[in-house]
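Contents: one structure, followed by commentary.
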Protein chains: 2
Amino acid sequence: MNEIFKTHLEKFIKIDEREFGEILKFFRIQSVPAKQNLLEEGKVCRDYYFVLKGILRLFFLNEKGVEQTTEFAIETWWITDNMAYEHGRPSSFSIQAIEKTAFLSISRENQENLLREFPKMEHYFRLIYQRAYAASQMRMKYFLSYSKEEFYFSFVKSYPEFVQRVPQYLIASYLGFTPEYLSEIRKRQIS
Amino acid sequence: MNEIFKTHLEKFIKIDEREFGEILKFFRIQSVPAKQNLLEEGKVCRDYYFVLKGILRLFFLNEKGVEQTTEFAIETWWITDNMAYEHGRPSSFSIQAIEKTAFLSISRENQENLLREFPKMEHYFRLIYQRAYAASQMRMKYFLSYSKEEFYFSFVKSYPEFVQRVPQYLIASYLGFTPEYLSEIRKRQIS
DNA sequence: CGGTCTCTTGACGGAGTTCAAAGCTAGTGG
DNA sequence: CCACTAGCTTTGAACTCCGTCAAGAGACCG
């Protein structure tokens with residue numbers, strides 16, 4: 001399972017077996033069943049998660065008490081409440097497994113030590129954050145430029161795997177509208 | 001003017017006068033009047049911008065030909081089309097000065113060389129991207145949890161300086177609605 | 001003081017929400 | 001392997017937030 005992480009790292013940095021072993025020591029490997037929470041809104045956010053197998057989602061409860069999903073993470077994606085993680089503060093989000101999920105986790109202290117000891121990991125994380133930020137910048141663009149209907153179809157086209165693996169009401173939530181409206185959109189397309 | 005950059009850097013890394021001089025060589029310093037573009041949609045995005053004095057905005061033309069602003073940058077903020085910058089591709093956005101603006105710019109090749117030569121700058125940029133990503137994650141949360149009216153008032157509260165310095169129609173655009181509706185919201189509040 | 005850019009007003013329409021109920025599907029235990 | 005149940009998806013009707021359009025009122029600049 002750890003091989004997934006090694007293969008992923010090698011896309012960004014050169015790394016040998018011994019080094020990888022040293023790096024792994026900073027992480028914990030865990031596995032949770034579907035529906036289980038890794039982090040709960042209001043609790044201090046200590047860890048950053050890397051998905052090895054499965055899907056996680058990030059969400060919060062809006063004022064009506066409805067869960068609002070804002071991010072998914074599949075294999076080789078990182079996920080956390082970054083603001084809370086960085087400042088060691090209570091989280092504004094919860095994180096939950098959608099499928100049975102295996103993942104690595106690293107605490108902020110461990111991450112700091114890791115980056116100090118392995119400058120190539122500083123390089124790696126700089127690239128990871130840079131890409132994550134670039135992706136979220138584009139997401140905001142799509143969000144503002146498309147109608148909800150166009151937004152849904154562009155999402156399906158870009159991430160067909162999500163539509164397979166994630167229930168529709170979560171996709172609707174992620175895209176910022178109701179499951180009822182998503183159902184209506186889909187009906188239009190089929191006919 | 002360069003002192004602004006040095007003071008900013010010192011919040012993240014230790015740096016002496018000689019080193020700062022070396023680092024500065026990777027940048028160009030420029031100044032543009034209000035309304036001038038630094039980057040135009042469709043043209044290759046080569047530079048990353050750091051605002052010393054003034055305000056920049058990032059925007060694109062939607063299908064109706066209306067400018068949609070998605071980001072502002074004031075003093076000590078970085079701004080670019082990150083996706084295009086990273087891949088050296090044509091930009092999906094334009095960047096324009098709102099006020100007369102002085103800024104530093106660095107090309108991607110220069111940034112790569114800078115980070116290779118000064119590992120502490122790799123550390124600096126890792127932190128910058130991490131924060132930018134965390135902020136955009138929270139922005140998405142606000143975007144999805146608030147009504148347009150609440151979103152406007154929370155924005156005014158968090159960034160009063162923007163409301164002072166930026167015309168209302170740009171703020172409306174940034175928040176994802178029309179200047180007419182913003183006007184209506186403001187009328188409600190006053191009465 | 002003229003002209004252009006920005007902000008306000010109001011009438012109307014439509015995209016998307018809400019609520020309630022029925023139809024499906026998949027997982028679970030017997 | 002079937003039956004039951006809980007959770008997910010679909011339907012439809014009423015409603016509302018917000019966009020569109022068009023016109024007027026300020027404000028700022030040369």
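Chain identifiers are assigned alphabetically (A, B, ...) following the order of the sequence lines, protein sequences preceding nucleic acid strands; residue numbering begins at 1 within each chain.
The residues Arg108(A) and Glu86(A) are annotated as not salt-bridged, no charged nitrogen and carboxylate oxygen being separated by less than 4.0 angstrom. With respect to the salt-bridge test (charged N to carboxylate O, under 4.0 angstrom), the residues Lys6(B) and Glu3(B) do not qualify. Using a cut-off of 4.0 Å between Lys/Arg side-chain N and Asp/Glu carboxylate O, Arg126(A) and Glu122(A) are scored as not salt-bridged.
For the residue pair Ser145(A) / Gln68(B), no side-chain donor-acceptor distance below 3.5 Å is found, with atom types taken as modelled. Donor-acceptor pairing under 3.5 Å is lacking for the side chains of Glu67(A) and Gln96(A). Thr69(A) and Arg57(A) share a donor-acceptor pair across their side chains, judged by distance under 3.5 Å alone. If you check the side chains of Tyr142(B) and Glu150(B), you find no donor sitting under 3.5 Å from an acceptor. Using modelled atom types, one finds no donor on one side chain facing an acceptor on the other under 3.5 Å when comparing Ser91(A) with Glu40(A).
For the pair Glu67(B) CD and dC5(C) P, the computed distance is 12 Å after rounding to whole Å. The interatomic distance linking Glu99(A) (CD) with dA26(C) (P) rounds to 15 Å, in whole Å. To the nearest angstrom, P of dT6(C) lies 11 Å from CD1 of Ile98(B). The interatomic distance linking Tyr152(A) (OH) with dG16(C) (C1') rounds to 16 Å, in whole Å. For the pair Ile171(A) CD1 and dC8(D) P, the interatomic distance rounds to 13 Å; values are reported in whole Å. Separating the CD1 atom of Ile185(B) from the P atom of dC7(C) is a distance of 14 Å, rounded to the nearest angstrom.
The shortest distance between the side-chain N/O atoms of Lys148(B) and the OP1/OP2 oxygens of dG19(D) is below 4.0 Å. Distances shown here put a side-chain N or O of Lys64(A) below 4.0 Å from the OP1 or OP2 atom of dT18(C). Considering only side-chain N and O atoms, Lys35(B) lies nowhere under 4.0 angstrom from the phosphate OP1 or OP2 of dC5(C). At least one side-chain nitrogen or oxygen of Thr178(B) sits closer than 4.0 Å to the OP1 or OP2 atom of dG19(D).
An end-to-end axis angle of 60° holds for the helix from dC1(C)-dG30(D) to dG30(C)-dC1(D), taken from five base pairs per end and rounded to 10°.
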For nucleotides 27-30 of chain D, list the nitrogen or oxygen atoms of the protein found under 3.5 Å from its nitrogen or oxygen atoms, one pair per line.
none

So which protein N/O to nucleotides 9-13 of chain D N/O distances come out below 3.5 Å?
residue, atom, partner, partner atom, Å
dT9(D), OP1, Gln168(A), N, 2.9
dT9(D), OP2, Gln168(A), N, 3.4
dT9(D), OP2, Tyr169(A), N, 2.9
dT10(D), OP2, Gln168(A), OE1, 3.0
dT10(D), OP2, Ser183(A), OG, 3.2
dT10(D), O5', Ser183(A), OG, 3.1

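Figure legend: Lys141(A) and Phe60(B) shown as a cation-pi pair, the cationic atom lying under 6.0 angstrom from the six-membered ring centre and within 45 degrees of its axis.
Note: the hydrophobic cluster containing Tyr129(B) does not contain Val51(B) (ILVMFWY, side chain heavy atoms under 4.5 Å, direct or indirect links).
Relative ring orientation between Phe103(A) and Tyr49(A) is described as perpendicular, the plane-to-plane angle rising above 60° on a 0-90° scale split at 30° and 60°.
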